[in-house]
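Just so you know, ligand 1 is whichever comes first in the structure, and atom 1 is the first atom listed for that ligand.
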Amino acid sequence: MSETILIGNDHGAVELKESIVKHLKNKGFAITDLGVSEGESVDYPDKGKELGMELLKGDYKFGILLCGTGIGISISANKVKGIRCALPQNLFAAEMCKLHNNANIIAFGGRIEYGDSVTDMIDIYMDTEFEGGRHERRVEKIMAIEN
Ligand code: RB5
């Protein structure tokens, strides 16, 4: 499996993006960064769509999307056929979004104060395997909505 993680952000999450990239590089992962840097601005639907499409056509471990709240960019990515973008609010949800929903992108907000650290949430998501079984059927039902 690829060890490259795809990340994208709008201007609402530049600092958060930088801290996540540092954390993941320290852990030995390669990063493809589609996001904007300090002083740049972008409409979050454009980034959500771009990253969602790139994730599906490239060879990536998973995707991370960031905007001010994580809401707009996750809604946008979820419009791309094949994407299941989760917006976990804590460690429990970050674990469950892989275990039960097999999310292929996780989103966070750079202007949100989380009780659990975002890097801890990313770590638990990465350390968790999709459970399959009855959850496979449920995830298939999610994806069938696209058709
Ligand atoms: C941009 O100002 C802001 O609207 C965006 O980052 C995000 O919070 C939208 O959901």
Side-chain angles (χ1 to χ4, degrees), residues 2-128 130-131 135 138-147:
S2 169
E3 291 304 293
T4 303
I5 296 165
L6 192 58
I7 193 164
N9 63 288
D10 78 353
H11 48 277
V14 175
E15 250 184 63
L16 179 61
K17 191 266 295 287
E18 285 167 359
S19 67
I20 292 170
V21 167
K22 191 171 166 203
H23 174 76
L24 293 172
K25 282 186 173 168
N26 281 341
K27 291 184 71 143
F29 293 102
I31 305 291
T32 298
D33 183 359
L34 302 182
V36 298
S37 303
E38 200 56 58
E40 295 177 318
S41 178
V42 70
D43 292 336
Y44 61 81
D46 296 334
K47 277 296 144 195
K49 178 182 174 190
E50 181 189 356
L51 188 138
M53 293 177 74
E54 176 61 26
L55 185 78
L56 297 175
K57 72 167 191 250
D59 182 25
Y60 301 101
K61 194 171 175 66
F62 69 98
I64 299 172
L65 276 172
L66 313 164
C67 67
T69 58
I71 296 170
I73 208 157
S74 59
I75 292 172
S76 307
N78 276 315
K79 300 288 180 193
V80 177
K81 215 172 169 175
I83 293 302
R84 289 179 302 285
C85 180
L87 183 58
Q89 63 273 53
N90 55 28
L91 281 171
F92 174 70
E95 182 182 4
M96 296 305 284
C97 78
K98 176 68 84 56
L99 194 69
H100 284 185
N101 313 118
N102 203 15
N104 49 13
I105 301 179
I106 45 174
F108 299 97
R111 296 171 182 157
I112 299 289
E113 271 193 39
Y114 290 101
D116 296 323
S117 92
V118 168
T119 49
D120 284 351
M121 288 193 262
I122 291 169
D123 286 349
I124 201 165
Y125 164 86
M126 285 196 293
D127 291 343
T128 303
F130 177 48
E131 193 176 298
H135 298 292
R138 291 166 185 167
V139 169
E140 277 168 11
K141 285 188 176 185
I142 295 175
M143 302 325 283
I145 298 169
E146 294 179 339
N147 305 314

Inset, instruction - Provide the closest heavy-atom pair for Tyr125 versus Ile105 in the form atom of the first, atom of the second, distance. - result: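 For Tyr125 and Ile105, the tightest heavy-atom pair comes out as OH-N, 4.3 Å.
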Legend entry - Contact summary for Lys17 and Ile7, nearest pair of heavy atoms: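 Minimum heavy-atom contact is CG-CD1, 3.9 Å.
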Inset, instruction - Check side-chain contact (heavy atoms from CB on, under 4.5 Å) between Phe92 and all other residues, then give those that pass, not counting sequence neighbours. - result: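 Counting only residues at least two positions away or on another chain, Phe92 forms a side-chain contact (heavy atoms from CB on, under 4.5 Å) with Asn90, Met96.
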Legend entry - Residues in the immediate environment of ligand 1 (any heavy atom closer than 4.0 angstrom):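 For ligand 1, the residues that come within the 4.0 Å heavy-atom cutoff are Asp10, His11, Tyr44, Cys67, Gly68, Thr69, Gly72, Arg111.
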Got a list of side-chain donor-acceptor pairs under 3.5 Å for residues 140-147, not counting sequence neighbours?
| unit_1 | atom_1 | unit_2 | atom_2 | d |
| --- | --- | --- | --- | --- |
| Glu146 | OE1 | Gly82 | N | 3.3 |
| Glu146 | OE2 | Gly82 | N | 2.9 |
| Asn147 | OD1 | Lys81 | NZ | 3.3 |

Would you tabulate the side-chain donor-acceptor contacts of residues 55-71 under 3.5 Å, counting partners in other chains and residues two or more places apart, or write 'none'?
| unit_1 | atom_1 | unit_2 | atom_2 | d |
| --- | --- | --- | --- | --- |
| Lys57 | NZ | Glu54 | OE1 | 3.3 |
| Tyr60 | OH | Glu54 | OE2 | 2.5 |
| Thr69 | OG1 | Ile71 | N | 3.0 |

Legend entry - Distance, nearest 0.5 Å, that separates CE of Met126 from CD1 of Ile5: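 Reported to 0.5 Å precision, the distance equals 5.0 Å.
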